[in-house]
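Atoms within each ligand, like the ligands themselves, are counted from 1 in listed order.
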Amino acid sequence: MNAATTLMGEVPAEERQRVDAEESYQRFLERLSHQSVVKHYDAYADIPWDDPAFAIDPEDPRLELSPDDPLGATTWYRAQPAPVRARIGLHMMANFANIGWRFESILKRGLLEFTARLPDDAPEFRYCYHEVIEEAQHSLFFREVVRRTGMPCRPPRILHLAERQVIGFARRFPELFFFFVLSGEDPIDYTQRQMLGSGRPLHPLIERISRIHVTEEARHMAFARQFLRRSMPQVRGVRLTLLRVRTAVVMKVASLFMSRPSRRIIRTYGIPAAALREAYGRGSRGEEHVKRALFKPRELCWELGVLDARWAWLWRRLDIYAPQGSPV
Ligand SMILES: [Fe+2]
Ligand SMILES: [Fe+2]
């Protein structure tokens, strides 16, 4: 029992509520930290990389894009020979893993910046370090996967250009930083959960990595959401306007990277413009996929006033709008 609790009878109701909220936030962070201690993974000890069943054959039919994937559903893709379909699936997966570890690299540096400005008794400090350690393990396995596929991948230039700025936000404008975090983590999580729940036979290496990632990311996203719920009420005026605009743009950009083939992939396999339009154009399956992948962070934006009736135009303009409570 802390000093504030012993004084409960003497403090006004508003102050008591604040102390209660503070204590439950601290308990929530303690629970997350405890989970990180009892349920965590090592990129090399917990993945049998050299098990022959985990070897990657680029023509393995389990690597093909699913018929629910926007590109996988196109007439062009279905008309390709099976080995080409598998290679495209593998190359896209390697590209997402490559973007994934580079995104996590920015995220880790941002978290370290964020913790550097915290007071000594801040409850977030310990949990953020658990998260940095987990993200480092994820980067190890994502990078190892990219290496083992042998597929050439380069990250989008914009990620490189934005990294300094995003890391700076972690120190100066953490609310914006944590929306950036969710804009990357939520769509990846959505895609991995869809894949794991699809009932299709999956390559064991991809399945293992996805299961580990989904488990640990659930904690990271829960922390980001709680942090934002607690600190967004203090963001007002120009900062709130800036956050509204930047969050919508970042959500759009991040979700596109995590759902479309890179230019290199388009060139390598000669994917025609008509197939890309069919997959990702207006009213396409790809547009719906992006909206669904952004459902959770968009709902948080509705809840916290980052998206409201006055700002809906911006989200519509970016083709990522959906009414509150609706995935599309
Ligand atoms: Fe991760
Ligand atoms: Fe994460």
Side-chain angles (χ1 to χ4, degrees), residues 28-29 31-47 49 93-115 124-147 153 155-156 159 162-163 166-167 169-170 174-196 205-229 247 250-251 253-255 257-259 293-297 300:
F28 166 74
L29 286 172
R31 273 203 311 277
L32 283 185
S33 294
H34 177 71
Q35 282 303 311
S36 286
V37 173
V38 295
K39 201 169 188 186
H40 64 263
Y41 300 89
D42 181 285
Y44 288 94
D46 295 315
I47 300 170
W49 295 99
M93 195 273 298
N95 185 53
F96 295 147
N98 185 50
I99 296 174
W101 81 255
R102 288 170 192 271
F103 164 80
E104 288 177 337
S105 162
I106 301 176
L107 203 157
K108 287 191 286 274
R109 284 177 281 160
L111 284 170
L112 292 173
E113 283 290 319
F114 170 70
T115 52
E124 293 92 350
F125 184 91
R126 175 179 161 190
Y127 181 69
C128 283
Y129 266 72
H130 283 302
E131 186 167 329
V132 169
I133 292 162
E134 287 163 9
E135 291 296 10
Q137 296 290 349
H138 301 173
S139 294
L140 279 174
F141 62 59
F142 280 141
R143 199 154 191 270
E144 187 66 40
V145 162
V146 176
R147 203 177 68 75
C153 298
L159 207 59
E163 67 179 6
V166 173
I167 294 164
F169 286 143
E175 293 78 13
L176 189 51
F177 171 73
F178 280 105
F179 271 115
F180 168 84
V181 170
L182 287 178
S183 73
E185 289 186 334
D186 255 313
I188 298 175
D189 186 67
Y190 172 82
T191 307
Q192 289 182 321
R193 282 178 193 271
Q194 286 283 103
M195 189 178 67
L196 291 171
L205 177 59
I206 314 296
E207 183 174 357
R208 179 75 181 134
I209 282 172
S210 301
R211 287 202 190 283
I212 294 176
H213 203 241
V214 159
T215 305
E216 297 194 329
E217 289 302 319
R219 297 196 287 263
H220 304 175
M221 290 184 288
F223 166 59
R225 285 186 201 114
Q226 271 324 93
F227 174 83
L228 287 168
R229 286 193 178 103
T247 297
V250 162
M251 297 255 169
V253 174
S255 62
F257 286 148
M258 293 313 295
S259 62
L294 288 176
F295 175 62
K296 285 188 191 168
L300 187 69

Check: F177 ring centroid to F114 ring centroid under 6.0 Å: no
Is a donor on one side and an acceptor on the other found under 3.5 Å between the side chain of R109 and the backbone of S105? yes
Between F227 and F28, ring centroids under 6.0 Å: no
Salt bridge (Lys or Arg N to Asp or Glu O under 4.0 Å) against R126, all qualifying residues, sequence neighbours excluded: none
Of all residues at least two apart in sequence or in a different chain, which pass the salt bridge (Lys or Arg N to Asp or Glu O under 4.0 Å) check with R225? D186
Quick one: name the protein N/O/S atoms under 2.8 Å from the Fe ion (ligand 2), chain by chain. E135 OE2, E185 OE2, E217 OE1, E217 OE2, H220 ND1
Listed by chain and number, what are the side-chain hydrogen bond (donor to acceptor under 3.5 Å, both in side chains) partners of Q137, not counting sequence neighbours? none
